[in-house]
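These notes are about the structure you will find just below.
In listed order, ligands and their atoms are each counted from 1.
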Amino acid sequence: MAANLTPQYLKAEEQYRRASDPTEELHWLEIMYRELPKHKASEKMQMDLKTRLSKLRKEIEGAKKAPKKVIGVNIPRQGAGTAIILGGSNTGKSSLLAALTRAQPEIAPYPFTTRQPQPGMMAWEDVSVQLIDTPPITVDVFDPAVGNLLRGADVALFTVDLANDDGIEEFQAALNRFAEGKTRLGKTTRLDEEDVSIAFTQTLLVANKCDAPGAADRLALLHEFCPTEFTEFVVSAEQKTGLDELRNAIYAALDVIRVYSKLPNKKEPDLDKPYTLRRGGTLADVAALVHKDLAENLSHARIWGANINPASTIKADYELSDKDVVEIHVK
Ligand SMILES: Nc1nc2c(ncn2[C@@H]2O[C@H](COP(=O)(O)OP(=O)(O)OP(=O)(O)O)[C@@H](O)[C@H]2O)c(=O)[nH]1
Ligand SMILES: [Mg+2]
């Protein structure tokens, strides 16, 4: 992959990864191509993007002739980021949603309880993260809506059932469903180096029901027969054990920072309402989150934060840190 990718490129790549239809994909891919530094080291990448661009254009042309297929549900993004809960049936996905948020999904001791994806908001310090519970994935069943939701998510929580002797096999079967599609599970979020149409979403392994008799033995078998590269969390959604570590890891996986804004005529910042932006985000990014007009008319800001002298003046391209307070001034 080419070095020194610009922030504009990286932003476009993130949107491309999340794109929910080919037209949107094409839009961001064109920006990626435009923003890609054109030098020797990026030649392969340039070629890959070009190939993908022409394929996508053909796909879109073809689709115009065919009737439109609507796939599943659209859950608008909310909060600092989105984590999708995946896994086989009865692994405790809905129980996990219930344990981490205020949502009240149906929970039952038999398979195929959840039929529709359902969101909930998980509190983390002063921000919240969207979690989405999904219908189960098995050898026979895989709702394409789940694949689409994964595409839009920042992180996946892949559940395995430690109370069930078939848990490992079912886990493997569910996992296999993602081995060949365009949206795959990975240790990190990235595009495939060989084929830019394939996107990996960072995945955390959630081994649930650790309270059940025999759970430790099944966990050992899981490690032996079904090792993954994912970071593992051993939890009990029912007994609420191991959930703090998981909560922290979900937030950390979003790789965002919080920034507070202060009005020029006020002494104190609005601490109730942090803006969250991807690590590496700038003053211009925060201004855009506060208001579209503010971004267009941005002059400078004064800043208070751990990494800079209090009340320093910063420009649009200044890279912010977690918990910075900015007082934005317009032209
Ligand atoms: N012992 C134990 N049981 C649990 C735990 N979490 C969930 N369960 C039980 O496992 C069963 C399935 O839980 P659900 O949360 O409905 O599982 P699910 O993955 O959403 O199931 P589907 O929607 O059918 O795919 C229920 O009987 C839960 O009470 C846990 O941590 N420990
Ligand atoms: Mg469920």
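- The pair Lys40-Glu43 meets the salt-bridge criterion, with a side-chain N (NZ, NE, NH1 or NH2) lying under 4.0 Å from an Asp/Glu carboxylate O.
- In this structure, the side chain of Asp192 engages the main chain of Asp195 through a donor-acceptor pair within 3.5 Å.
- Note on Glu229 versus Lys187: no salt bridge recorded, every NZ/NE/NH1/NH2 to OD/OE distance being 4.0 Å or above.
- Using a cutoff of 4.0 Å between basic side-chain nitrogens and carboxylate oxygens, Asp255 and Arg278 are not scored as salt-bridged.
- By the 4.5 Å side-chain criterion applied to Ile, Leu, Val, Met, Phe, Trp and Tyr, Val206 is assigned to a cluster that also includes Ile85, Leu96, Leu97, Leu100, Met122, Trp124, Val127, Val129, Leu131, Val155, Leu157, Leu204, Phe233, Val235, Leu243, Leu246, Ile250, Tyr251, Leu254, Val256.
- Interface of Ser95 with ligand 1, defined as ligand atoms under 4.0 Å from a residue heavy atom, comprises 6 (N), 7 (C), 13 (O), 14 (P), 15 (O), 28 (C).
- Aromatic pair Phe225/Phe171: ring centres not closer than 6.0 Å.
- With ligand atoms numbered from 1 in the order given, ligand 1 contributes 25 (O) to contacts under 4.0 Å with heavy atoms of Pro136.
- For ligand 1, the polar-atom distance check finds an N/O of Gly92 within less than 3.5 Å of one of the ligand's N/O atoms.
- When each atom of ligand 1 is checked for a heavy atom of Tyr110 under 4.0 Å away, the hits are 24 (O).
- Short contacts between ligand 1 and Ser94, defined as distances under 4.0 Å to a heavy atom of the residue, involve ligand atoms 15 (O), 18 (P), 20 (O).
- Residue-environment remark: NZ (Lys38) exceeds the threshold of 12 foreign heavy atoms within 6.0 Å.
- Contacts between Thr114 and ligand 1, counted as non-hydrogen atom pairs separated by less than 4.0 Å, involve both the backbone and the side chain.
- The shell of residues lying under 4.0 angstrom from ligand 1, judged by heavy atoms, includes Ala237.
- Below 4.0 Å from some heavy atom of Pro111 lie the following atoms of ligand 1, by number and element: 24 (O).
- With 2.8 Å as the limit, Thr114 counts as an N, O or S neighbour of the Mg ion (ligand 2).
- Nearest to atom 28 (C) of ligand 1 by heavy-atom distance, out of Glu238, Lys209, Glu106, is Glu238.
- Look at Ser94 and the Mg ion (ligand 2): an N/O/S atom of the residue is under 2.8 Å from the metal.
- Both the backbone and the side chain of Ser89 come within 4.0 Å of ligand 1, judged by heavy-atom distances.
- For atom 27 (O) of ligand 1, the closest non-hydrogen atom on the protein side is Pro109 CA, 3.2 Å.
- Taking a cut-off of under 4.0 Å to the non-hydrogen atoms of Asn90, the atoms of ligand 1 that pass are 11 (C), 12 (C), 17 (O), 18 (P), 19 (O), 21 (O), 22 (P), 24 (O), 25 (O).
- Contacts with ligand 1 closer than 4.0 Å are made by backbone heavy atoms (N, CA, C, O) of Ala108 only, the side chain lying farther away.
- For the 3.5 Å distance criterion, the side chains of Glu25 and His27 fail to qualify, holding no donor opposite an acceptor.
- Of the protein's heavy atoms, Lys93 NZ, 2.8 Å lies nearest to atom 25 (O) of ligand 1.
- Taking distance alone, with nitrogen or oxygen atoms compared against 3.5 Å, Asp211 approaches ligand 1 more closely than that limit.
- Under a cutoff of 6.0 Å and an axis angle of 45°, Arg190 and Phe200 form a cation-pi pair.
- Ion pairing between Lys262 and Glu268 fails under the 4.0 Å rule for side-chain N and carboxylate O.
- Within ligand 1, the atoms closer than 4.0 Å to a non-hydrogen atom of Phe112 are 24 (O), numbered from 1 in the order shown.
- With a 4.0 Å cut-off on non-hydrogen atoms, Asn208 touches ligand 1 through its side chain and not its backbone.
- For the pair Arg57 and Glu30, the salt-bridge criterion is met [side-chain N within less than 4.0 Å of a carboxylate O].
- In summary, Arg18 and Asp154 engage in a salt bridge, as defined by a charged side-chain N under 4.0 Å from a carboxylate O.
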